[in-house]
J.: 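My questions all concern the structure below.
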2 protein chains.
Amino acid sequence: MRMAELSAESGVPVATIKYYLREGLVPSGELTSPNQAQYQAKHLQRLKLVRALLEVGGLSIVDVRDVVRAIDDRAPTHELLGVAQHGLFVRKNEVDEESRAWARALIDDIAAQRQWTLEEGDPYVKSLVSLLCTFRDLGHSHLLGIFPHYAEIADAVALVDLEAIGDLPTAEQMVESAVVGTILGDAVFIALRRIAQQFASRKMFGEDPPAAG
Amino acid sequence: MRMAELSAESGVPVATIKYYLREGLVPSGELTSPNQAQYQAKHLQRLKLVRALLEVGGLSIVDVRDVVRAIDDRAPTHELLGVAQHGLFVRKNEVDEESRAWARALIDDIAAQRQWTLEEGDPYVKSLVSLLCTFRDLGHSHLLGIFPHYAEIADAVALVDLEAIGDLPTAEQMVESAVVGTILGDAVFIALRRIAQQFASRKMFGEDPPAAG
DNA sequence: CCAAACGGATAGCGTGACTATCCGTAACCG
DNA sequence: CGGTTACGGATAGTCACGCTATCCGTTTGG
């Protein structure tokens with residue numbers, strides 16, 4: 001397969017593919033001459049994955065590079081997914097020490113209920129701290145009561161997730177499925193949540209609900 | 001409250017607040033003179049909400065404007081939340097008719113199981129169609145089996161969500177809580193899902209898991 | 001009464017994700 | 001064998017977005 005075919009099959013412009021090659025998102029083709037290369041099915045596959053991570057997952061170019069490098073290195077998935085979903089997580093931690101301690105106590109309570117052991121410095125725990133502080137700062141502390149339920153439900157999701165990939169034959173397939181299932185799975189779950197909210201809202205409030213989530 | 005105080009309280013630079021005023025994300029203060037204005041607690045509250053939607057929710061300026069206008073109009077929440085989370089949803093629908101029909105059939109199956117009645121043209125249904133096609137196109141169809149489970153779990157989440165806001169005293173509080181709970185709630189749930197995956201993965205595969213989601 | 005702050009308008013900036021052009025070489029077609 | 005086309009690779013330019021900096025005339029407050 002040559003560049004033009006790769007472009008036609010994937011729908012990605014040639015100039016963009018070249019850009020991805022430069023940035024290391026897609027591996028180079030095999031050179032048959034100093035200025036001619038052959039691409040294979042794996043290149044097309046990788047290109048599709050990159051586009052999905054960029055467009056659906058909303059990752060940055062840099063984050064996608066980290067993910068595909070981790071895939072190629074067969075890195076443990078929880079390391080490989082230490083990547084933020086396009087702005088869903090707070091980067092600056094500008095919360096004061098009192099707020100941090102308060103949030104951390106809530107999270108520790110939830111973890112104890114679920115028998116989770118939290119890793120020190122886990123980026124998702126840090127995100128949760130910022131998120132809980134944001135809820136409080138916005139004056140919506142009454143919503144904090146839902147998070148233990150969310151945690152219970154997250155456990156159920158994780159179980160389903162692991163069962164879906166645990167029986168795959170090769171480590172490579174497991175790693176890529178883990179990435180796809182996690183990052184694209186977020187989007188699927190969010191869409192289903194919105195639909196379920198609409199349904200529940202209509203059921204509770206009638207056809208024209210005042211609120212849904 | 002004047003501009004400087006609004007800026008100091010929120011941590012948002014004055015020039016940025018002026019930009020938000022221009023873009024209609026924050027309402028103008030009450031003019032006491034042709035070039036002097038007073039801001040109140042509601043302006044600070046709105047400013048914090050705008051920042052949370054931008055930074056945590058990852059919404060664009062335009063999406064935030066749509067959301068706050070809908071809040072001010074007391075729009076039904078399911079309309080008001082017809083806004084994409086920072087790239088989680090596919091904008092272009094470039095899937096062919098056969099793929100669309102295939103995905104739609106899967107979604108209808110899931111909806112039937114959950115007794116959902118899908119609205120025609122629902123943006124989240126469209127998103128799901130694109131997402132399912134992406135899974136298939138990426139060669140991860142084996143992951144499709146998890147989505148009925150996700151739907152069941154989404155129902156549980158929606159129930160928790162509605163209970164959390166159903167007993168608020170005023171419609172205004174319900175609407176803002178719905179927005180905050182939904183958009184920031186997505187981020188909370190995703191963080192909890194990652195943590196639960198790490199926990200389940202360690203439990204299943206030992207300390208260095210090959211995959212987690 | 002005057003320095004500092006104000007509201008409002010306009011123009012500029014930095015980043016990120018492409019996109020267009022150019023170059024010299026190689027492949028394909030008759 | 002000659003010419004058109006496509007190729008890989010490098011470089012520079014473009015565009016949208018989210019601010020940010022400057023200027024202006026007015027007004028506040030010590």
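Chain identifiers are assigned alphabetically (A, B, ...) following the order of the sequence lines, protein sequences preceding nucleic acid strands; residue numbering begins at 1 within each chain.
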J.: Rounded to the nearest Å, what distance is computed from the CG atom of residue A:Leu6 to the P atom of nucleotide D:dC7?
T.: 10 Å
J.: Listed by chain and number, what are the side-chain hydrogen bond (donor to acceptor under 3.5 Å, both in side chains) partners of A:His140, not counting sequence neighbours?
T.: B:Glu176, B:Ser177
J.: In whole angstrom, what separates A:Leu25's CG from C:dG16's P?
T.: 14 Å
J.: What residues form a side chain to side chain contact (heavy atoms under 4.5 Å, CB included) with B:Ser7, not counting sequence neighbours?
T.: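 Applying side chain to side chain contact (heavy atoms under 4.5 Å, CB included) to B:Ser7 gives B:Val14, B:Ile17.
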J.: Just to verify, what does A:Asp137 make a side-chain hydrogen bond (donor to acceptor under 3.5 Å, both in side chains) with, not counting sequence neighbours?
T.: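 Listed in chain order: B:Lys48.
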J.: Please tabulate the protein-to-nucleotide N/O contacts below 3.5 Å involving nucleotides 12-15 of chain C, giving atom names and distances.
T.:
none

J.: Rounded off to whole Å, could you give me the CD1-to-P distance for the B:Ile17 and C:dC6 pair?
T.: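 In whole Å, C:dC6 P lies 10 Å from B:Ile17 CD1.
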J.: Output yes when at least one side-chain N/O atom of B:Tyr39 is less than 4.0 Å from OP1 or OP2 of C:dG7, else no.
T.: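 Yes, within the criterion.
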J.: Using the test side-chain hydrogen bond (donor to acceptor under 3.5 Å, both in side chains), find all partners of A:Arg136 that sit at least two apart in sequence or belong to another chain.
T.: A:Glu98, A:Ser99
J.: Atom CD of B:Glu23 to atom P of D:dG18: distance rounded to whole Å?
T.: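 In whole Å, D:dG18 P and B:Glu23 CD are 9 Å from each other.
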J.: Provide the full list of salt bridge (charged side-chain N to carboxylate O under 4.0 Å, His left out) pairs with a residue in residues 24-37 of chain A, sequence neighbours left out, each pair given once.
T.: none
J.: Can you tell me how far CZ of B:Arg202 sits from CD of A:Glu119, rounded to the nearest 0.5 angstrom?
T.: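 A:Glu119 CD to B:Arg202 CZ: 4.5 Å, rounded to 0.5 Å.
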J.: Starting at CE of B:Met1 and ending at C1' of C:dC6, how long is that distance when rounded to a whole Å?
T.: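 In whole Å, C:dC6 C1' lies 16 Å from B:Met1 CE.
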J.: In terms of the angle between their ring planes, are A:Phe135 and A:Phe147 parallel, tilted or perpendicular, with boundaries placed at 30° and 60°?
T.: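 The rings of A:Phe135 and A:Phe147 stand perpendicular, inter-plane angle above 60°.
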J.: B:Glu30 has an atom CD; how far is it from atom P of C:dG7, in whole Å?
T.: 13 Å
J.: Tell me the side-chain hydrogen bond (donor to acceptor under 3.5 Å, both in side chains) pairs involving residues 13-25 of chain B, sequence neighbours left out?
T.: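 For residues 13-25 of chain B: B:Tyr20-B:Arg51, B:Glu23-B:Arg65.
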J.: Whole angstroms only, please: what is the CD-P distance between B:Gln38 and C:dA5?
T.: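 Checked: the CD to P distance equals 17 Å.
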J.: Which letters describe nucleotides 17-30 of chain C, given B = protein heavy atom under 4.0 Å from base, S = only from sugar-phosphate, - = neither?
T.: BBBB---BBSS---
J.: In whole Å, what is the span from the CD atom of A:Glu55 to the P atom of C:dG16?
T.: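 Taking atom P of C:dG16 as the reference, CD of A:Glu55 is at 19 Å.
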J.: Run the side-chain hydrogen bond (donor to acceptor under 3.5 Å, both in side chains) test against B:Glu5 and tell me which residues pass, sequence neighbours left out.
T.: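 In terms of side-chain hydrogen bond (donor to acceptor under 3.5 Å, both in side chains), with neighbours along the sequence ignored, B:Glu5 is linked to no residue.
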